[in-house]
Amino acid sequence: ILSRPSNLRQRPTARDFFSPLVSDTNKNTIMAIEDSFSASVSEEITPLTYGQAMLLKQSKEWSNASEKEIKTLEDNNTWELVNRPAGRKVIKNKWVYKIKINPSNNERKYKARLTAKGCSQVPWLDFDPDDISSTVMKHKSLRAILAIAVNLGYHIISLDAISAFTQASLNEEIYMEQPEGFEKFAELDLVCKLLKSLYGLKQASENWHKDVVEFLMTLQFKPTLMDDNVFVKLSKTGMPMYICLYVDDFTCAFGDNDKEEFHQVKIALMQKFKMNDLGNLTSILGISVSYNKTKGLLLLSQSQYIISILSVFNMLSCKPSYFPMQKEIDQHGKLSQFHCPSNQQEVDYMVDKPYRKLIGMLIYLINCTRPDLTFTVSTLARFTSNPGPMHWKAGMRVLQYLKHTVHFSLTYTRTLTSLHSPLILDTYSDADWGGDVNDRFSVHGFVIRLQGCPISWTSKKQKFVALSTTESEYVGLSES
């Protein structure tokens, strides 16, 4: 960590991490996506209730999606109809609708989900309050596995569990009202006795996670020490096979010589759980994945997500900016508390500005694929409790920068010369000294690369005042 590898002559820059997806051709594609996205936003409304869905122009699509969801639940034997129990609380349910867009081909899909209103569950009767949470895979874990897969020339495929939570076991006795629009024998006042978990139940995610982990353990996959949602197994050839779990998404990586062995693993998973084999990984968590195994090149981008951000804040037609942030804002220098509202006019100006929403959407972006914005967004995030006009203007500048770099992608390339060569992990760390003009706390940042592929990064303010540049640098090193 402290020494610089001999083959690296300078600190990494944005050019080392990003590359255009496909120059001019891709820009034309991005422009087409922008036009179709902005047009569709005005035409389509996501309904909040079943009744509202049936009144919209796309009522047929929403009706088909609702019927598909009910059929899936009935095929899973999720509930049985019984008489309303005396002395027991019957929880209600709610339809949740969403239009999902595939980042790779802009395909639109209408999704309907029946969810139980878990907020009305009775603790200790309907669920155990100490057993209702489950973990998910970390984004940096996914990037690390992808970096390993690229360098080892692995296949990367995706599996998707169908209505995952409804396949999980349920130990408690829970009753629920019949779903709106699909009531049966209404005159008999029947309710649903849940036989399996359902989305919205307090314990649903934990039940699903337990069932999956237990089954993966029977297949000899073991969770890693740093992330219990990344599972690894040594194949018969001695090479590792990986399964990354993010709720109902399975990202799998394995070598050419282990195709048959992993095929048996996939068959076992699909026999245990109802799953779709999505083939080669093309998208995950809203991230578009482009992988050329032959060339050893993998690109991660969020062009569609960036366009949606620009659309939300009416910045699709904004003037692009080449830099995400100005070094000097005004006579006060860098962004600080001096730029918080100082009079009623500035307070009134910020009343209808969705500053927190902007920061939240940008944070997800930097957590996934955009380390170049980490410092800027972390700086803006310090003022969410009391932002001023200058903070809002700085946030809009970030969107102008995103307009300019919408076609950028995080680039992973194969640099490993042999399958038996060790993977090189290098870390770059830096810190200023007393960079915050309000409290003189220092700011540090780091980026960690695995075989040249960036897998983890951050930029944050330190928790105390450093007495020297050396102390500030050492604090940054210890954090990295």
Side-chain angles (χ1 to χ4, degrees), residues 12-42 101 103-106 286-290 299-330 333-335 339 349-350 352-381 383 387-411 445 447 454 457 459:
T13 65
R15 292 180 179 270
D16 299 317
F17 299 153
F18 299 107
S19 67
L21 292 178
V22 185
S23 63
D24 296 334
T25 303
N26 184 73
K27 290 181 181 179
N28 294 332
T29 304
I30 295 297
M31 291 175 63
I33 293 176
E34 290 179 9
D35 295 339
S36 63
F37 187 90
S38 57
S40 62
V41 166
S42 60
I101 303 176
S104 59
N105 56 17
N106 202 33
I287 304 172
S288 178
V289 182
S290 177
L299 305 177
L300 301 176
S301 68
Q302 290 178 282
S303 299
Q304 185 65 56
Y305 181 67
I306 292 174
I307 292 171
S308 69
I309 297 176
L310 296 176
S311 176
V312 167
F313 294 95
N314 297 318
M315 295 289 282
L316 278 173
S317 302
C318 68
K319 181 180 178 180
S321 172
Y322 292 92
F323 303 98
M325 191 179 192
Q326 289 179 290
K327 185 177 180 181
E328 301 289 336
I329 302 299
D330 54 16
K334 296 183 290 186
L335 278 178
H339 299 104
Y349 176 81
M350 292 301 298
D352 60 344
K353 299 296 186 292
Y355 187 81
R356 291 190 179 186
K357 182 176 183 179
L358 171 64
I359 298 303
M361 298 183 79
L362 292 177
I363 285 176
Y364 184 72
L365 187 64
I366 66 173
N367 284 342
C368 294
T369 62
R370 297 301 295 264
D372 58 325
L373 288 172
T374 305
F375 172 77
T376 302
V377 176
S378 65
T379 300
L380 294 175
F383 308 102
M390 296 304 294
H391 299 127
W392 178 252
K393 183 178 179 181
M396 293 300 100
R397 185 182 181 89
V398 175
L399 298 186
Q400 291 179 282
Y401 176 73
L402 287 177
K403 172 73 174 181
H404 172 63
T405 60
V406 64
H407 58 284
F408 274 24
S409 64
L410 199 61
T411 306
V447 58
W457 52 80
S459 173

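When reading the values below, keep in mind they use all heavy atoms of this one structure, side chains included, and skip hydrogens, waters and symmetry mates.
Here the closest non-hydrogen pair linking I359 and A381 is CG2-CB, 3.8 Å. Closest heavy-atom contact between A394 and L380: CB-CD2, 3.7 Å.
The side-chain heavy atoms of L299 and L410, taken from C-beta on, include no pair separated by under 4.5 Å. Considering only heavy atoms from C-beta on, L373 comes within 4.5 Å of Y401 through its side chain. Looking at heavy atoms from C-beta onward, M325 lies in side-chain contact with F375 at the 4.5 angstrom threshold. For the pair Q400/R397, a side-chain contact is recorded, criterion being any heavy-atom separation below 4.5 Å from C-beta on. For the pair T376 and L362, the minimum side-chain heavy-atom distance is 4.5 Å or more. Residues H391 and L335 are in side-chain contact: their nearest non-hydrogen atoms beyond the backbone lie under 4.5 Å apart. You'll find the side chain of Q302 stays beyond 4.5 Å of the side chain of S288, heavy atoms only.
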Take S409 and L300 through the test side chain to side chain contact (heavy atoms under 4.5 Å, CB included) and record every step on the way to the result. CA-CA 5 Å; S409 64; L300 301 176; 5.9 Å; no
Could you walk me through whether L399 and L358 pass side chain to side chain contact (heavy atoms under 4.5 Å, CB included), step by step? CA-CA 9 Å; L399 298 186; L358 171 64; 3.9 Å; yes
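With hydrogens and angles disregarded, no donor-acceptor distance shorter than 3.5 Å links the side chain of K403 to the backbone of S317. Between the side chain of W457 and the main chain of I366, a donor-acceptor pair closer than 3.5 Å is present.
Taking the six-membered ring where the residue is Trp, H407 and H404 present perpendicular rings, their angle passing 60° and hence far from 30°.
To the nearest 0.5 Å, atoms CZ (F313) and CH2 (W392) are separated by 5.5 Å. The OG atom of S301 lies 9.0 Å from the CD1 atom of I287; values are rounded to the nearest 0.5 Å. Taking CE from M315 and CD1 from I307, the interatomic distance works out to 14.5 Å, rounded to the nearest 0.5 Å.
Aromatic ring centroids of Y364 and Y305 lie under 6.0 Å apart.
In this model, a donor atom of one side chain and an acceptor atom of the other lie less than 3.5 Å apart for R370 and T405.
A cation-pi arrangement is present between K353 and Y349 under the rule of less than 6.0 angstrom and at most 45 degrees off the ring axis.
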